[in-house]
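Shown next, in structure tokens, is the structure this report addresses.
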Amino acid sequence: MRDAGVMAGELLDWYDRHARDMPWRVGPADRAAGIAPDPYAVWMSEVMLQQTTVAAVRDYFTRFMALWPTVHDLANAEDARVMGEWAGLGYYARARNLLKCARVVSRELDGAFPDTLDGLKALPGIGPYTAAAIAAIAFDRSETVVDGNVERVMARLFCIEDPMPGSKPALRDAAATLTPKARPGDYAQAVMDLGATICTPKSPACGICPWRDDCAGRAKGVQAALPAREAKKPKPIRHGIAYIARRTDGAWLVETRPDKGLLGGMLGWPGGDWGDEAEDLPPIAADWADLPGDVRHTFTHFHLILRVRTATLPQDAAPERGHFEPRLAPSDLPTVMRKAFDLARGTLS
DNA sequence: AACCCGTGGGA
DNA sequence: TTCCCAAGGGT
């Protein structure tokens, strides 16, 4: 393997030629022209990109930045509005923490994001990865950015064959040996681009990799199998019932879910808990109709089979739980709830 | 430390 | 169809 500085420089040269266009990215040419990244935009993009693909984030990022151009705008937004705009992107704790963080930065830090690793990590929703990414990209600090891409690239480059997550510290140490003092933000994005486009999880394109001659995993012929992972646990199947009711004036009966737990803070259809058996808990006594078919949806750690029941309610209906939304936008619902809506809309139109 | 937390695209 | 897994963080 060549000198670390030489390798970093080689990757930066590759990045200068191949950097992908993203709405939040200040490219090498822009940077050279003295255009500095906006820490608010960097933070917004990095939070959205947590465990989420570039393709999925693109439109959400553009919309959020148009609606709330500064951290003060976001801090002053209504919770329900922000949660509705986040609907569909998943991991909804990110949206709750996004608002918390914006309010701290706007009201306690005079709108200025901290420019150090520790200062950033102290904020809600900013962990080791995001803090390093913001420090490097927005503040030109030489911090080591470690995400799934970096772990994969390092496992292959250094042929670290111990399984994840146990090997994470070794992968981080390996990454740190390559982090350059110059252009740390471009370098961080370059390694992630490399992982996303060349050093991919399956069938990596080693022939066109700028680090192909340095890669110990490739030399041994095991690169495609790295990083190794511990066996995953099987996902159980849970069952539930969604109660979708519409009042005669057209308002839908929905509930705002509690802040903690699954789909926390999001709108949803009332119903009992999801478990081995569906809990039968209608929000109001009514002539509920069992819809044929069901909604199937897979979450991070279980499969869900959701039955849907519908009813039309009188104008004076007083449900035990939930509230009526006169103009419900399906796009404000998390995906599983939108699927249930799609199943019911034909019968309650 | 181990578990919880979404979604969609690709193979 | 099923499985994998993606620019992780909180508890």
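The analysis underlying the following values was restricted to heavy atoms, covering all of them including side chains, and did not include hydrogens, waters or symmetry mates. Each chain gets a letter, A, B and so on, in the order its sequence line appears, and its residues count up from 1.
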Counting the atoms with a prime plus P, OP1 and OP2 as sugar-phosphate, which does A/Arg96 contact under 4.0 Å by heavy atoms, base, sugar-phosphate, or nothing? nothing
For the pair made of CG in A/Leu304 and C1' in B/dC5, what is the distance, rounded to whole Å? 15 Å
Could you state the atom-to-atom distance from CG of A/Leu49 to C1' of C/dA7 in whole Å? 5 Å
First encountered from the 5' end of DNA chain C, between A/Pro124 and A/Ser45: A/Ser45
Any donor-acceptor pair under 3.5 Å joining the side chain of A/Thr300 to the base of B/dG6? yes
Tell me which of A/Ala56 and A/His301 sits closer to the 5' end of DNA chain B, going by the nucleotide each one is nearest to. A/His301
What contact category does A/Leu89 fall into here, base, sugar-phosphate, or nothing, at under 4.0 angstrom with non-hydrogen atoms? base
Classify A/Met337 by what it touches in the nucleic acid, base, sugar-phosphate, or nothing, heavy-atom distance under 4.0 Å. nothing
Check whether any side-chain N or O of A/Tyr92 sits under 4.0 Å from OP1 or OP2 of B/dT7, and answer yes or no. yes
Assuming nearest nucleotide by heavy-atom distance, tell me which of A/Lys235 and A/Asn97 is located more 5' along DNA chain C. A/Lys235
A/Gln50 side chain N/O closer than 4.0 Å to the phosphate oxygens (OP1, OP2) of C/dG8? no
Using whole Å, report how far CE of A/Met48 lies from P of B/dG6. 16 Å
How would you label the contact of A/Lys233 with the nucleic acid (heavy atoms, under 4.0 Å): base, sugar-phosphate, or nothing? sugar-phosphate
Take the protein atom NE2 of A/His303 and the nucleotide atom C1' of B/dG6, then report the distance between them rounded to whole Å. 14 Å
Give a yes/no on whether any side-chain N or O of A/His297 is located under 4.0 angstrom from OP1 or OP2 of B/dG6. no
What's the CZ-C1' distance between A/Arg338 and B/dT7, to the nearest Å? 10 Å
When the nearest nucleotide of DNA chain B is assigned to A/Gly88 and to A/Lys202 on a heavy-atom basis, which residue is associated with the more 5' position? A/Gly88
Do NZ/NE/NH1/NH2 and the carboxylate oxygens of A/Arg25 and A/Asp193 come within less than 4.0 Å? yes
When rounded to the nearest Å, what value does the distance between P atoms of C/dA7 and B/dC4 take? 24 Å
Side chain of A/Arg20 only, please: which of C/dC5, C/dA7, C/dG8 is the nearest? C/dA7
Quick one: A/Met164 CE to C/dC4 P, roughly how many Å, whole number? 14 Å
Under 3.5 Å: donor-acceptor pair, side chain of A/Thr200, backbone of A/Thr197: no
Counting side-chain heavy atoms from CB outward, which of B/dT7, B/dC5, C/dG8 is closest to A/Thr335? B/dT7
Please check if atom CD in A/Glu78 has more than 12 non-hydrogen atoms from other residues, nucleotides or ligands closer than 6.0 Å. no
P atom, B/dG6 versus C/dT11: distance in rounded Å? 14 Å
For a quick check of understanding: with a heavy-atom distance under 4.0 Å over all strands, which category does A/Ser203 fall into, base, sugar-phosphate or nothing? nothing
Do A/Thr116 and A/Phe139 come within less than 4.5 Å of each other through their side chains, counting heavy atoms only? no
Between the base of C/dG8 and the side chain of A/Tyr129, is there any donor-acceptor pair under 3.5 Å? no
Without swapping roles, check the side chain of A/Arg94 against the backbone of A/Gln50 for a donor-acceptor pair under 3.5 Å. yes
Check this for me: does any side-chain nitrogen of one of A/Asp186 and A/Arg31 sit under 4.0 Å from a carboxylate oxygen of the other? yes
From CZ of A/Phe302 across to C1' of B/dG6 the rounded distance in Å is 10 Å
With side chains defined as the heavy atoms from C-beta onward, is the minimum distance between A/Glu151 and A/Val146 less than 4.5 Å? yes
Quick one: which of C/dC4, C/dA6, C/dA7 gets closest to the side chain of A/Arg229? C/dA6
Nearest-Å distance for atom pair CZ/P, residues A/Phe61 and C/dA7: 18 Å
